Amino acid sequence: MSDTTAVTPHWTPTHGSPYRPVPYRPERIVADESLSRSAELRRRMDERRTVRRFSTDPVPEQVVRDAIACAATAPSGAHQQPWTFVLVKDPQVRRLIREAAEREERISYDGRLGEEWLTALRPLGTDAVKSHMTDAPALVVVFQQRYWLGEDGTRRKHYYVDESVGIAVGMLLSALHLSGLAALVHTPSPMRFLREVLDRPENEKAFAVIPVGYPADDCEVPDLVRKSLDQVIVEV
Ligand code: IYR
């Protein structure tokens with residue numbers, strides 16, 4: 001097994017441990033090099049698009065695992081790392097998830113979302129058909145651990161769970177994109193069925209379903225315009 005797939009042998013929560021700092025001395029990158037890296041990264045990130053039409057071609061599974069490992073380096077409230085990434089490859093499980101998601105989405109698109117929401121979605125061309133869930137060769141179902149659950153049933157509060165998992169998902173999307181894979185953040189609502197289908201414990205709540213793969217040959221995306229830097233940045 002390579003280093004990148006090794007599982008930490010005896011990880012235990014650090015809850016209540018004393019502060020034990022260790023030196024951190026990352027090599028400083030000179031400004032010119034920083035600038036060329038940031039410009040290149042900015043260009044590559046701007047090429048990311050949410051994909052809703054996937055090829056059924058397989059992806060190198062290790063790339064997805066590596067991206068999940070990148071996501072799991074995210075900062076988290078009290079370093080509680082309140083996430084679980086379920087990598088769903090089994091086509092039958094993907095079909096089950098698709099069917100359950102589509103049942104809910106049909107109700108949503110038939111009116112549950114409301115007129116304002118449906119109007120906001122119109123430029124994206126979304127609908128209740130979720131073929132991406134069975135076309136994409138992998139789904140990453142992200143769960144947030146609402147609290148820590150010990151083996152004896154002890155519960156401990158987790159802090160800033162939404163923020164922590166949101167940051168981790170952002171890092172996952174970046175890692176997938178920079179590794180050459182396309183993804184879609186799908187948030188079927190309600191998502192309770194995911195815990196049942198994937199047999200997750202009671203402390204876990206589904207956060208997003210992320211189909212991962214290559215865009216279909218005939219993939220199209222909405223002609224969206226991103227806000228420019230000066231529209232999103234305020235410098236004081
Ligand atoms: N969850 C639904 C609807 C939806 C909602 C938002 I906000 C989007 O940005 C996209 C879709 C769906 O997945 O179709």
Side-chain angles (χ1 to χ4, degrees), residues 45-56 59 64 67-68 71 83-89 91 93-144 146 161-177 181-198 200 204-216 218-228 231-232:
M45 290 300 285
D46 196 38
E47 287 172 354
R48 188 198 57 79
R49 293 301 311 257
T50 288
V51 160
R52 291 188 168 80
R53 292 263 304 124
F54 284 88
S55 157
T56 56
V59 292
V64 186
I68 291 172
W83 42 62
T84 303
F85 302 88
V86 180
L87 174 54
V88 185
K89 299 171 282 179
V93 180
R94 285 189 281 123
R95 174 148 295 281
L96 275 178
I97 293 175
R98 175 180 173 183
E99 285 167 1
E102 285 181 336
R103 270 194 293 279
E104 293 296 347
E105 294 297 348
R106 250 175 258 124
I107 302 169
S108 295
Y109 280 90
D110 284 349
R112 179 165 56 189
L113 294 180
E115 215 30 64
E116 183 172 359
W117 196 341
L118 288 170
T119 304
L121 289 178
R122 198 162 300 133
L124 303 183
T126 60
D127 59 29
V129 181
K130 301 302 176 191
S131 37
H132 45 255
M133 290 198 169
T134 45
D135 288 343
L139 298 180
V140 179
V141 185
V142 184
F143 286 86
Q144 39 176 216
R146 301 299 308 174
V161 175
D162 288 331
E163 293 82 349
S164 304
V165 178
I167 293 166
V169 166
M171 293 173 65
L172 177 67
L173 297 177
S174 303
L176 288 169
H177 171 64
L181 298 183
L184 158 66
V185 179
H186 176 60
T187 50
S189 173
M191 287 201 278
R192 276 183 297 275
F193 70 89
L194 288 165
R195 183 165 53 204
E196 283 143 39
V197 173
L198 297 172
R200 299 308 306 159
E204 294 190 5
K205 185 176 172 221
F207 184 81
V209 181
I210 305 181
V212 176
Y214 297 107
D218 60 352
C219 178
E220 292 181 321
V221 295
D223 188 14
L224 301 179
V225 178
R226 291 196 167 107
K227 290 181 178 176
S228 64
Q231 287 170 313
V232 299

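This is a predicted model, so every value here is computed, not measured. Start at 1 and go down the list; that is how both ligands and their atoms are numbered. FYI, side chains are in, hydrogens and waters are out, and symmetry mates aren't considered; it's all heavy atoms of this structure.
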Quiz item: Can you find a pair of side-chain heavy atoms, one from V64 and one from V140, that are under 4.5 Å apart?
Solution: yes
Self-check item: Presence of salt bridge, E99 and R103, under 4.0 angstrom
Solution: no
Quiz prompt | E220/R52 ion pair, N-O < 4.0 Å | solution = no
Quiz item: Which pairs pass side-chain hydrogen bond (donor to acceptor under 3.5 Å, both in side chains) with one or both residues in residues 162-177, sequence neighbours excluded?
Solution: Q144-D162, R146-D162
Once you restrict both partners to nitrogen or oxygen, which atoms of ligand 1 have a protein partner under 3.5 Å, and how far apart are they?
unit_1   : atom_1 : unit_2 : atom_2 : d
ligand 1 : 1 (N)  : E105   : OE2    : 3.4
ligand 1 : 1 (N)  : T187   : O      : 3.4
ligand 1 : 13 (O) : K130   : NZ     : 3.3
ligand 1 : 13 (O) : H186   : ND1    : 2.9
ligand 1 : 14 (O) : Y109   : OH     : 2.5
ligand 1 : 14 (O) : K130   : NZ     : 2.5

Quiz item: So, R94 and T134: side-chain donor and acceptor under 3.5 Å apart, yes or no?
Solution: no
Quiz item: Going by atom types only, do T119 and E116 share a side-chain donor-acceptor pair under 3.5 Å?
Solution: no
